Asker: 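Pasting a structure below so you can have a look.
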Amino acid sequence: MLKNITRVKMGSGQQRGDTIIEVLISIAIVSLVLAGSYAITNRNVTTSQDTQEHGQALLIVQQQIEGLRYLSASGTDLTTTFPASHCVSLAGVPTPSSSCSMNSSGAACGVGACYTVSITQPPIANTYNVAVTWSDVRGNTAKVSMDYGI
């Protein structure tokens, strides 16, 4: 792609080499290729991290529903009020505030995103809504929500 910059002695005693225009065009082409590669790689990394955070949030929601299912099967009265949000480790286990790193809004902070878990009881009888919200890699608020009916 780049031409040889060394000068070659021609038969008539003249030297021939690459002109500055050729060198600048070569540098511009290489720069465009590198910039395109960077943009594609950056988008792939962002998409991968977004997918990982969404999967972790989904796992937390499923584990919270399993906890509700266990409490329901053990005869525990689930009509008590759940906290608006609480700290959850990435394994989905509720932890005391002292052992859980939390941000100012009360969300559980792990290696990646900070998750806020809320369990509410909609007006429908014997139904609970488990929602996890977090700030995604783009700075937007993302949410995963599931309903559990007893």
Side-chain angles (χ1 to χ4, degrees), residues 1-6 17-150:
M1 185 152 93
L2 291 175
K3 294 185 177 183
N4 190 357
I5 298 180
T6 60
D18 294 330
T19 64
I20 191 74
I21 300 296
E22 291 171 329
V23 172
L24 289 175
I25 290 172
S26 298
I27 290 173
I29 291 171
V30 169
S31 298
L32 287 173
V33 169
L34 290 176
S37 298
Y38 174 77
I40 290 171
T41 301
N42 191 30
R43 185 176 54 210
N44 287 342
V45 167
T46 301
T47 301
S48 175
Q49 187 174 354
D50 190 40
T51 301
Q52 182 181 7
E53 289 175 356
H54 189 271
Q56 289 174 339
L58 187 59
L59 180 65
I60 291 171
V61 168
Q62 290 171 339
Q63 289 176 339
Q64 293 295 306
I65 288 176
E66 286 298 320
L68 286 173
R69 183 175 294 149
Y70 172 78
L71 291 174
S72 175
S74 68
T76 303
D77 183 17
L78 296 179
T79 59
T80 58
T81 305
F82 289 96
S85 64
H86 61 278
C87 177
V88 174
S89 69
L90 292 183
V93 179
T95 58
S97 299
S98 60
S99 65
C100 182
S101 171
M102 297 175 72
N103 65 11
S104 60
S105 65
C109 292
V111 174
C114 293
Y115 299 96
T116 301
V117 179
S118 64
I119 302 174
T120 57
Q121 187 174 15
I124 304 170
N126 297 326
T127 304
Y128 294 89
N129 179 272
V130 179
V132 173
T133 56
W134 73 99
S135 180
D136 66 9
V137 294
R138 293 173 191 89
N140 301 324
T141 300
K143 182 176 182 177
V144 172
S145 178
M146 286 187 187
D147 291 328
Y148 169 67
I150 300 174

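Computed from a prediction, not measured in an experiment: that's the story for all the values here.
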Asker: Run the salt bridge (Lys or Arg N to Asp or Glu O under 4.0 Å) test against Asp147 and tell me which residues pass, sequence neighbours left out.
Answerer: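 Counting only residues at least two positions away or on another chain, Asp147 forms no salt bridge (Lys or Arg N to Asp or Glu O under 4.0 Å).
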Asker: Nearest 0.5 Å, please: how far is CD1 in Ile21 from OG in Ser26?
Answerer: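 It comes to 11.0 Å.
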Asker: With sequence neighbours left out, write down each residue that passes salt bridge (Lys or Arg N to Asp or Glu O under 4.0 Å) with Arg43, or none if nothing qualifies.
Answerer: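 Once residues adjacent in sequence are excluded, Arg43 has no partner under the salt bridge (Lys or Arg N to Asp or Glu O under 4.0 Å) criterion.
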Asker: To the nearest 0.5 Å, what is the distance between CD1 (Ile65) and CD1 (Ile60)?
Answerer: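 Rounded to the nearest 0.5 Å, the CD1-CD1 separation comes out at 12.5 Å.
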Asker: Tell me, please, which residues at least two apart from Ser74 pass side-chain hydrogen bond (donor to acceptor under 3.5 Å, both in side chains).
Answerer: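 Ser74: side-chain hydrogen bond (donor to acceptor under 3.5 Å, both in side chains) contacts with Thr76.
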Asker: Indicate yes or no for a side-chain donor-acceptor contact from Tyr115 to the backbone of Glu53 under 3.5 Å, with no hydrogens or angles considered.
Answerer: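 Yes, the answer is positive, given that a donor and an acceptor are paired below the 3.5 Å cut-off.
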Asker: Kindly compute the distance separating CD (Gln64) from CG (Leu59), expressed to the nearest 0.5 Å.
Answerer: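 Gln64 CD to Leu59 CG: 10.0 Å, rounded to 0.5 Å.
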Asker: To the nearest 0.5 Å, what is the distance between OG1 (Thr47) and CG (Asn42)?
Answerer: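 Going from the OG1 atom of Thr47 to the CG atom of Asn42 covers 9.5 Å.
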Asker: Rounded to the nearest 0.5 Å, how far apart are CH2 of Trp134 and NE2 of His54?
Answerer: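 Trp134 CH2 to His54 NE2: 5.0 Å, rounded to 0.5 Å.
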Asker: Taking atom NZ of Lys143 and atom CG of Asp136, what is their separation to the nearest 0.5 Å?
Answerer: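 Separation between the atoms: 14.5 Å.
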Asker: Taking the side chain as everything from C-beta on, heavy atoms only, tell me whether Asp50 gets closer than 4.5 Å to Arg138.
Answerer: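 Heavy-atom side-chain distance check passes, below 4.5 Å.
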Asker: Can any side-chain N or O of Glu22 pair as donor or acceptor with the backbone N or O of Thr19 at less than 3.5 Å?
Answerer: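 Between the backbone of Thr19 and the side chain of Glu22 there is a qualifying donor-acceptor contact (under 3.5 Å).
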Asker: Which heavy atom in Thr127 sits nearest to a heavy atom in Gln121, and how many Å separate them?
Answerer: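 In this case the closest contact between Thr127 and Gln121 is O-CG, 3.3 Å.
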Asker: Under the side-chain hydrogen bond (donor to acceptor under 3.5 Å, both in side chains) test, which residues partner Ser145, sequence neighbours left out?
Answerer: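 Checked Ser145 against side-chain hydrogen bond (donor to acceptor under 3.5 Å, both in side chains); matches are Asn129.
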Asker: Is the backbone N or O of Leu68 less than 3.5 Å from a side-chain atom of Ser72, with the two atoms forming a donor-acceptor pair by type?
Answerer: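 Side chain of Ser72 to backbone of Leu68: no pair is present.
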Asker: Applying side-chain hydrogen bond (donor to acceptor under 3.5 Å, both in side chains), name anything that partners Gln52, two or more places apart in sequence or on another chain.
Answerer: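 With neighbours one apart ignored, the set is empty.
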Asker: Partners of Asn44 by side chain to side chain contact (heavy atoms under 4.5 Å, CB included), sequence neighbours excluded?
Answerer: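 By the side chain to side chain contact (heavy atoms under 4.5 Å, CB included) rule, Asn44 matches Ile40.
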